[in-house]
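First comes the structure, then the notes that go with it.
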Number of protein chains: 2
Amino acid sequence: MKIENIRHSLSHLMSMAIMEKYPKAGLGVGPAIENGFYQDYDLPEAISEKDFGWIEKRMRELITQKIKFVKSESDFANALKFYKHDPYKTEMINDLKAAGEKKLSFYDSDWFHNLCAGPHVKDTSEINPDAFKLTKLAGAYWRGSEKNPMLTRIYGVAFKTKKELDNYFKFQEEAEKRDHRILGQKLDLFHIDENIGPGLILWHPKGAILKRIIENYALDEYLRNGYQLVYTPHLAKLNLWKISGHTEFYKENMFPAFHLRELGEEEKDDYQIKPMNCPFHIAIYKTKIRSYKDLPLRYTELGTVYRYEKSGTLHGLIRVRGFTQDDAHIFCSPEQLPQELFSILKLTFNILKTFGFKGFKIYLSTRPEKFVGTKKIWQKAENSLRYALEKLNLKYEVDRGGGVFYGPKIDIKIEDALHREWQCTTIQVDFNLPERFDVNYINKKGKKQRPIMIHRALLGSLERFIGILLEYYGGNLPFWLSPEQIWLIPVGSRHEKYAKEVGVRCQVSGIRCQVKNANETVSKKIRDGEIQKIPYLLVVGDKEMKTKSVRVRSKNKDLGIMKLDEFLEKVKIEVERKK
Amino acid sequence: MKIENIRHSLSHLMSMAIMEKYPKAGLGVGPAIENGFYQDYDLPEAISEKDFGWIEKRMRELITQKIKFVKSESDFANALKFYKHDPYKTEMINDLKAAGEKKLSFYDSDWFHNLCAGPHVKDTSEINPDAFKLTKLAGAYWRGSEKNPMLTRIYGVAFKTKKELDNYFKFQEEAEKRDHRILGQKLDLFHIDENIGPGLILWHPKGAILKRIIENYALDEYLRNGYQLVYTPHLAKLNLWKISGHTEFYKENMFPAFHLRELGEEEKDDYQIKPMNCPFHIAIYKTKIRSYKDLPLRYTELGTVYRYEKSGTLHGLIRVRGFTQDDAHIFCSPEQLPQELFSILKLTFNILKTFGFKGFKIYLSTRPEKFVGTKKIWQKAENSLRYALEKLNLKYEVDRGGGVFYGPKIDIKIEDALHREWQCTTIQVDFNLPERFDVNYINKKGKKQRPIMIHRALLGSLERFIGILLEYYGGNLPFWLSPEQIWLIPVGSRHEKYAKEVGVRCQVSGIRCQVKNANETVSKKIRDGEIQKIPYLLVVGDKEMKTKSVRVRSKNKDLGIMKLDEFLEKVKIEVERKK
């Protein structure tokens, strides 16, 4: 018995419960979905989640009746007659007819005769009455268009066993606690402003500091590893994106161009806000004649790009319309490709592990049906990617034919504590752009040759990466990343001076700290500090003042009194080791 | 005798020389300008700068003839008859008539009868024949429109004495050596790409490192001084700029909006690439209810903004269409205003002096005729600005009525070695935006009150600032700012290993260095290093290797041999002290 059949059958049982009360309810779509099912209804009166009780109760009663699901066929005339009161089913039937269907499939469960392609359980004994639950109610436009009437959608979740159902809710609860959108608000890290635009992040001071720490760390690592920093503009003439092929292959992800002709000036160019950094890095490469001795050339930029995504798909920091990439483009000779890919992968895992990530899923995507370049060069690039992965003893899955048309790639996903996967690093070989922009170097024989270009974003989108970090750590960021690392809590006003002294000592050591004032109680400040997920709360009173010490609280635990010098030494080491 | 009269009279003498050879030459405009004069001609044949010889020679001969300049008047009919062969003068006369002029002014010098408003010298004995020079030849459209014919414009420079003329050319030569556009190319710092767009800077690796050093230094200073970092998007719904008033008061500096309706999606908003950061910082302020205890709140951002400037006004890094501001917006109570302005000014001069600037011009601009807010609040703000200036013993000029409509301001210009002034810092009080966005805080009495907002860009545009730095230092940047600080030059291949060791020692000390290979001669590498304006060139041969030393060359001078440890200590101190 397939779980999808159980889920879909539950949506029929829900419809039976509903139609017993509202016999003329209109029926929209009602599929099995991930973790459960839903069904859309046109109801004669508004219902609420309070109604879930009687619906669930009736569904359970129906389950115990061992109702059979029986498939039958019908012709169009009979079906239309049967649904003469239901405009939604009528429309579906007419559409099936127009699509050239010859017969219609129905499922009968007891008295409920329903147009449906199935499949279903044999009978309701396959369904565990304690392993499903109705979860939420939402408005949904018929066929997803706001021009159509709004139907009532009821969602449910369902599993084979009660234990799975319980686990699902536990997971939901845990995921909600870790939801970066909720944490982002609670910790005052960022917001999205409807007056400014969906998918555009405004980083508040604490979020901005976090972003800066990550950016500086990554950039310093890249510079140390032979990358060169560049900065490029956020817009360019539309024509650049025609040369690059983006207007052809990437149009649906681009914001519309803007037109200088609207200014009524002599210039008439169209400009485009950049969805990618590549053409700019190529422009810098091309300002000089490059020799094989100059290669590999590795340009890196914290490039903020803007891509149009449908507003319905936007999700906090994870899916946005504007984001900063830790982008790089490497120009190398074909001979240098294996070594370059190896270096990139090695650097990637060094950095990802520094952020504390432990589980990874690696995918190698190979030549698709439509591709540019020769099969030979694809083979060489794929072999180079495999070489790099295998030299580092990395396990990977091959996504055969899953490469982009311009070259093969490696994608790395991060696994979190809840076994969710988050897209992070991408490393792509590109045979296309060097061709389109006529990029060259002079090889050892003194002849012009095309370099190979590698696109590489290690953290990917900084926005998404921070979203992942927040979810991964449930907001309890490692010490070196915490925007506020320490709160100093004086017990009374006579301890404020000492607290400030300690604060200065911390700041001199490069630690981000805040001295709280003594107006509120210590316990209130500790509670606030724990809600704000401050790594260390240092309480200072008479005893601490006298002995040049601090009382250390960390992650809801009292670690006792420590000498100030000792404590500073400890946290300095934590920062150095990026703990 | 006014220099303008001399300059304008020289343009008449030039016309006499030209018309002796080309009697039917058409005459366009011919004013006195800064440093000299020009005149536009419609000539029967092309001339070149090679012709300047005979023109200048003839002008000098005319000067010695003590020719008088005599003013006369003419009616329109006679004037039109006189210029019947010259369509340009004819058009000018008709325009003067249309503008309601009653009489026309002519100047006669010998046979040359010229429509001209003057004034002129009495006679050519006032003109020093050795104190002028023709400088260049350019095409210029009649009346500046490309729809009109192209005339030949001849430029000259003129002074009262030969010495002034010589000084002018010396200055020009010096200015050209310091031209940041030339230096930018020579030192490979940046370029502007016609395929991407005029006024948009692409920072190459060395320029990008310079930009990053400056940005990090400034940002760290701001954070140390109680500013809070934020990051905001580069675009926003057009409506935001309607609320802020930019679409009304700043339209001519804004790029055109782009229209989501062009995507054919359900969203129909217009979006605008940001010309300023202010509304975003206000949006962050407004995410919480703010109390007087939270003020002053100081948000800072390295915000990259895009402004439309006519392509003809663009100039290297100095006048661009996209630039990064070290922007800040401070929200404070009226009582806090004097202290805040004082702190800003103090920080400003600390930072500007760290960059090595010594001469400043300070301007205080006060209430214009059209203004928002009350006279009382203007008075208070102007007094606060004066207070801050005077408390710091700064000399300033008052630009009466020169403030922006929304508040008074202080502008600071940097003076360079050639006594040129460069616009840098701006500090503006703003009574307008808090009103437009309904920005509040809860005051001590528990009531809503408007904060005062201060806009402050200390370095101003990072692009312009780097342009100024390059011109100021003629490319010889201070050590701490140099993108490449040290080149290591091995004498022969057997010294390469030691050179690399020294290189690692430098890198560990945080010094940016490069080890040159031994293929080229030492003198060639020294020459290259000096052209590239590398602060220290370290030559290492047998002797240096044996004694763990380096031979130090700096600014074209051999500083002799130094122990490596000693040298590293010296440069570390230079970086710390920002020398």
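Here is how names work: the chains are called A, B, and so on, in the same order as the sequence lines, proteins then strands, and each is numbered from 1.
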B/A283 and A/H191: which non-hydrogen atoms are nearest, and at how many Å?
O-CE1, 3.8 Å
Heavy atoms only: give me the nearest B/L200-A/P233 pair and the separation to one decimal.
CB-CG, 3.7 Å
Contact winner vs chain A - B/D220, B/L223, B/L238, heavy-atom pairs under 4.5 Å
B/D220
Please report the closest heavy-atom contact between B/L260 and A/Y308, naming both atoms and the distance.
CD1-CE1, 4.2 Å
In terms of heavy-atom proximity below 4.5 Å to chain B, should A/K310 be classed as side chain, backbone, both, or neither?
side chain
Quick one: pull up CG in A/N239 and CD in B/E194 and give me the separation to the nearest 0.5 Å.
12.5 Å
Note: A/I196 and B/Y271 closest approach over all heavy atoms is O-CE2, 3.6 Å
Chain A interface, residue from B/L235, B/I201, B/T324, B/D269 that has the most non-hydrogen pairs under 4.5 Å:
B/L235
Measuring from A/R212:CZ to B/L302:CG, what's the distance to the nearest 0.5 Å?
8.0 Å
Enter the distance from B/I273:CD1 to A/F258:CZ here, rounded to the nearest 0.5 Å.
4.5 Å
Passing option when A/Y231 is tested against B/K211, B/E463, B/E215 for side-chain hydrogen bond (donor to acceptor under 3.5 Å, both in side chains)
B/E215
So which of B/E262, B/R224, B/H234 has the biggest tally of heavy-atom pairs under 4.5 Å with chain A?
B/H234
When you measure from the side chain of B/Y299 to the backbone N and O of A/H204, does any donor-acceptor pair fall under 3.5 Å?
no
In short, A/A208 meets B/V230 closest at the heavy-atom pair CB-CA, 3.7 Å
Which value, rounded to the nearest 0.5 Å, describes the distance between B/D188 atom CG and A/T287 atom OG1?
6.0 Å
Check whether any side-chain heavy atom of A/K237 sits under 4.5 Å from a side-chain heavy atom of B/N195, and report yes or no.
no
Rounded to the nearest 0.5 angstrom, the CD-OG distance for A/E266 and B/S311 is 8.0 Å
Closest heavy-atom contact between A/P256 and B/H259?
CG-O, 3.2 Å
Side-chain touch B/F280/A/L202, heavy atoms, less than 4.5 angstrom
yes
Within the structure provided, determine whether B/L240 and A/D193 are in side-chain contact (heavy-atom separation under 4.5 Å).
no
